[in-house]
Amino acid sequence: MKNIELKTGKDFNLKQTLECGQCFRWEKIEESEYLIFAEDKACLAKDEKDYLKIQSFNGDEEFWNNYFDLSTDYSKYKEELLRGEPRLSDAILYGGGIRILNQDFFEVLISFIISQNNNIPRIKKCIESISSVYGKPIGIIKGRERFAFPSPDALALADSEELMKLKLGYRSAYIVKAAHKFQIEKVPSGKSDEKYKQILSYYGIGPKVANCISLFGLRDFEAFPIDTWVKRIMVHMYGFDEKDISGMQKFAAEKFGSLGGLAQQYLFYYYRDRKIKK
DNA sequence: ACCCAGGTGGCTT
DNA sequence: AAGCCACATGGG
């Protein structure tokens, strides 16, 4: 156990960063305090004004600083996005503390395969479930044994019947195949469109999930995932026909350029967070 | 009982 | 290329 304080500044908000849908292994403890898991690391993080107070169970300062992407200047990104599209101002004001986390590729790969046609609370349960069966124990935290996200080799030993028993549903076969494919191909490299195509070639991964994995697993910021929420936003904001996904994709590329993924996160969080709250 | 959730594969027009 | 539908599961 190690206490760490990370300087954050104004373009960071823990709640927004975790609850914008880019990651799933966290538990809210109280307002602005969360228990967070990443790979085989865990920490308790509390968001103070200008710094993040971390009780790390097994990750050093550098790991968490990198995980939360605290050395990147997001005010420049925001200015650039606003120059290209002033209508983003409400969303950026609302979720301006979002950062794109530095997550492990394999963890993102599997997590977003699970995400398809699924809701966020259940996605979290599914991921906890496979972690507790295929991940290695990392110690007792908040009264329970906790587990690392499964390694590729550990998950490759699973079969889809086992995963079905864990309630992973029809995505079970996708997960097993993905673990095998990843063992051979490893983390994609090269130009971003080539990496995207490689991700898309996984069985069970289509354009939406591939874009999420590009954005959250490889930090390709131009990736613009269009899910059911973003679709509605594009219909609402820009008058697209809800079936015209390729039109939306093209529009986003032109309007938001190399920062499409960040724009998408601001919009997704702004729209979904207010819709879902009762 | 129905519809939806950070969709995709497969089959038919 | 575009339009259906099934797919597991759980919550509203």
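Just so it is clear, the structure is predicted and the values come from calculations on it, not from any experiment. Order of the sequence lines sets the chain letters (A, B, ...), proteins ahead of strands, with each chain counted from 1.
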> For A:Lys167 and C:dG11, what is the distance between atoms NZ and P respectively, to the nearest whole Å?
Replying inline: 12 Å
> When you compare B:dC2 with C:dC5, how far apart are their P atoms, in angstrom units rounded to a whole number?
Replying inline: 15 Å
>> What is the separation between atom CG on A:Asp244 and atom P on C:dA2, rounded to the nearest whole Å?
In response: 9 Å
> Is NZ or CZ of A:Arg274 both nearer than 6.0 Å to the six-membered ring centre of A:Tyr270 and within 45° of the ring axis?
Replying inline: yes
>> What is the separation between atom CG on A:Leu168 and atom C1' on C:dC7, rounded to the nearest whole Å?
In response: 14 Å
>> Between P on C:dG12 and CZ on A:Arg122, what's the gap in Å once rounded to a whole number?
In response: 14 Å
> salt bridge (charged side-chain N to carboxylate O under 4.0 Å, His left out) with A:Asp220: which residues, sequence neighbours excluded?
Replying inline: A:Lys195
>> Students often get this wrong, so: under 4.0 angstrom with heavy atoms, is A:Cys20 touching a base, only sugar-phosphate, or nothing?
In response: base
>> Using 30° and 60° as the class boundaries, would you call the ring planes of A:Tyr67 and A:Phe63 parallel, tilted or perpendicular?
In response: parallel
> What string of B, S and - do you get for nucleotides 7-13 of chain B 5' to 3' if you count protein non-hydrogen atoms under 4.0 Å?
Replying inline: BSSS---
>> Can you see whether A:Tyr51 has A:Lys7 sitting over its ring - NZ or CZ less than 6.0 Å from the centre and within 45° of the normal?
In response: no
> Quantified in whole Å, what is the C1' atom distance between nucleotide C:dA2 and nucleotide B:dA5?
Replying inline: 24 Å
> Rounded to the nearest Å, what distance is computed from the CD atom of residue A:Glu242 to the C1' atom of nucleotide C:dG3?
Replying inline: 13 Å
> What integer number of Å spans the P atoms of C:dG11 and B:dT8?
Replying inline: 24 Å
>> Output the rounded distance in Å from NZ (A:Lys124) to P (B:dA5).
In response: 18 Å
> Taking the six-membered ring for Trp, are the ring centroids of A:Phe149 and A:Phe37 within less than 6.0 Å of each other?
Replying inline: no
> Parallel, tilted or perpendicular for A:Phe251 and A:Phe240, by the 30°/60° rule?
Replying inline: perpendicular
>> I want to confirm an ordering. Mapping A:Gly169 and A:Lys243 to their closest nucleotides on DNA chain C, which one lands closer to the 5' end?
In response: A:Lys243
>> If I take atom CD1 in residue A:Ile123 and atom C1' in nucleotide C:dA8, what distance separates them, rounded to the nearest angstrom?
In response: 14 Å
Which donor-acceptor pairs under 3.5 Å do the side chains of residues 77-85 of chain A make with protein atoms, sequence neighbours left out?
residue	atom	partner	partner atom	Å
A:Lys78	NZ	A:Asp11	OD1	2.6
A:Lys78	NZ	A:Gly96	O	2.8
A:Glu85	OE1	A:Arg87	N	3.1
A:Glu85	OE2	A:Tyr238	OH	2.6

> Rounded to the Å, how far apart are A:Ile175 CD1 and C:dC7 C1'?
Replying inline: 14 Å
